[in-house]
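First the structure, in the form of structure tokens, and then the observations on it.
Lettering of chains follows the sequences in order, A, B, ..., and the numbering in each one begins at 1.
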Number of protein chains: 2
Amino acid sequence: MADAPIPSRDPASARRGLRAGRTRAAILESAERLFAERGFSAARLEDVAEAVGIRRASLFYYFRDKAELYDAVLADVLGSLRERLASVLLGAGPLAERAEAAVSAWIDFVAARPAFARLLLREVADGSPAHEPPLARHVRPFFELVGRVLAEPGDPLARAAPVDPVNLASVIAGSTVFFVAAMPTLLPGLHFDPLQPERIEAHRREVLGIARRLLGSGES
Amino acid sequence: MADAPIPSRDPASARRGLRAGRTRAAILESAERLFAERGFSAARLEDVAEAVGIRRASLFYYFRDKAELYDAVLADVLGSLRERLASVLLGAGPLAERAEAAVSAWIDFVAARPAFARLLLREVADGSPAHEPPLARHVRPFFELVGRVLAEPGDPLARAAPVDPVNLASVIAGSTVFFVAAMPTLLPGLHFDPLQPERIEAHRREVLGIARRLLGSGES
DNA sequence: GTCTATAGAGAGATAGAC
DNA sequence: GTCTATCTCTCTATAGAC
């Protein structure tokens with residue numbers, strides 16, 4: 001995993017000492033990778049601690065229990081994503097352009113932080129209408145954001161396209177996440193790397209085409 | 001889960017008594033649901049046994065251990081899928097029509113057996129190029145099947161479309177699986193049911209459009 | 001803040017009766 | 001074939017020293 005270091009966005013970290021803040025960030029980084037690779041149950045706190053270079057018991061100084069650590073990981077990565085998409089969607093310019101920029105930003109985000117793709121796959125698989133997964137809490141504001149943008153008055157696109165934002169988001173999210181996470185898994189022999197620039201660009205073209213059709217803004 | 005009962009396709013079941021065969025099939029059915037809902041680690045054999053109406057220890061009469069049970073579940077569902085797709089892809093008629101029929105059959109399969117969607121999401125998330133997941137073993141023959149069909153001589157489509165079968169399959173599989181599994185999870189409030197006929201048909205139209213474009217057989 | 005030591009629960013797997 | 005009883009191991013979480 002060649003991800004850039006993940007800066008802690010927890011506002012409370014300012015109150016903590018510098019060293020403690022670093023340890024906390026390191027725990028989050030390792031935990032993100034391990035939860036993504038193995039899932040919540042199979043990921044062992046022992047391995048998280050070892051990756052950070054501390055003992056297992058020390059983790060409980062920063063997080064009350066495993067579940068709280070997992071929630072923190074999810075909040076961290078989903079917060080980054082929402083921030084990114086919000087700045088693109090709420091910017092200036094025609095809605096159609098902003099929508100495409102958001103799709104592009106989404107793809108870049110997943111490509112830059114591939115552990116997120118696996119986390120998302122697992123969250124989706126874990127959820128059920130009965131037992132609402134933590135993910136749902138984080139996704140709601142995102143859908144509201146998309147809905148707000150699609151409902152913007154005065155834009156031709158908003159009036160012309162009776163888009164179901166749910167449908168739109170799910171197709172885009174699903175194809176990208178699956179593309180990034182499934183290929184190395186399903187084709188262990190081919191050394192297929194979906195993160196290669198050409199692969200990513202081909203995927204981007206494809207997804208943008210889908211988005212344009214769903215948004216009703218023409219075929220090309 | 002309102003799936004139809006899953007008939008055991010294990011050829012060895014003919015050698016077993018009728019009652020034992022039924023128990024084995026019931027175990028596979030419950031295990032499929034629980035592995036799908038909770039994943040390999042979090043799914044408890046206790047719950048599988050309870051769903052079947054037997055005791056945990058009795059499971060080990062049919063399967064040596066948890067891993068073997070999981071493998072059997074995967075073999076069962078992936079075997080059904082491959083059978084289905086093979087009969088469509090290897091049939092008569094122009095390649096373009098068979099390809100579309102296969103996409104349609106894929107969507108019907110996932111819709112009829114939604115637990116499979118979650119199993120697939122988890123398998124993808126579990127895998128890594130290093131530790132090849134069981135899924136890869138089952139998927140290989142499927143890719144070979146697709147490759148064989150795409151390489152058929154004499155068909156105009158086969159010559160006109162330099163399709164990467166990997167890319168094609170991943171986009172189709174990813175969007176469908178995500179569509180079916182993610183929506184009830186991500187929108188617990190809306191009571192969104194992706195298996196509703198209209199929803200499925202909308203998804204089918206969309207995916208067929210994607211497939212046509214990837215196969216180079218026109219925009220509509 | 002980080003450690004060692006340990007408690008305690010959960011779940012997979014086995015032994016052997018019926 | 002299915003059961004009860006039990007073993008064993010793994011992993012989370014706590015207690016308390018430094």
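Residue B:D47 forms a side chain to side chain donor-acceptor pair (under 3.5 Å) with just one option from B:R38, B:R56, B:R33, and that option is B:R38. Between A:L121 and the options B:V177, B:V124, B:D126, a side chain to side chain contact (heavy atoms under 4.5 Å, CB included) holds for only B:V124.
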Task: A:L208 vs A:I107, side chain to side chain contact (heavy atoms under 4.5 Å, CB included): CA-CA, chis, key distance, verdict - done: CA-CA 10 Å; A:L208 282 174; A:I107 293 171; 5.7 Å; no
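Between A:L119 and A:V73, the closest side-chain pair of non-hydrogen atoms falls below 4.5 Å.
Atom P of nucleotide D:dA13 and atom CG of A:D65 are separated by 5 Å, given to the nearest angstrom. Between the P atom of C:dG12 and the CZ atom of B:R44 lies a distance of 8 Å, rounded to the nearest Å. Atom CD1 in B:I27 sits roughly 12 Å away from atom P in D:dG1 (whole-Å rounding). Nucleotide C:dA15 holds its P atom 17 Å from the CG atom of B:L59, rounded to whole Å. Atom CG in A:D47 sits about 13 Å away from atom P in D:dT10, given to the nearest Å. Between B:Y70 atom OH and C:dG12 atom P there is a gap of 15 Å when expressed in whole angstrom units. Distance CG (B:L45) to C1' (D:dC9): 15 Å, rounded to an integer number of Å. What separates CZ of A:F60 from P of D:dT12 is a distance of 7 Å, to the nearest Å.
The shortest distance between the side-chain N/O atoms of B:Y61 and the OP1/OP2 oxygens of D:dG1 is below 4.0 Å. Remark: A:T23 is not in phosphate contact with C:dG1, judged by side-chain N or O atoms under 4.0 Å from OP1 or OP2.
Between atom CG of residue B:L85 and atom CG of residue B:L90 there is a gap of 10.0 Å, rounded to the nearest 0.5 Å.
A:F109 and A:F116 have their aromatic ring centers within a separation under 6.0 angstrom.
Residue B:A43 is in sugar-phosphate contact alone, with no base atom involved, counting any heavy-atom pair closer than 4.0 Å across all strands shown.
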Quick one: which protein N/O atoms are closer than 3.5 Å to N/O atoms of nucleotides 3-7 of chain D? Pair and distance per line, please.
residue	atom	partner	partner atom	Å
D:dC3	OP2	B:R55	N	2.6
D:dC3	OP2	B:S58	OG	2.7
D:dT4	OP2	B:R55	NE	2.9

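Not counting sequence neighbours, A:R118 has no partner by the salt bridge (charged side-chain N to carboxylate O under 4.0 Å, His left out) test.
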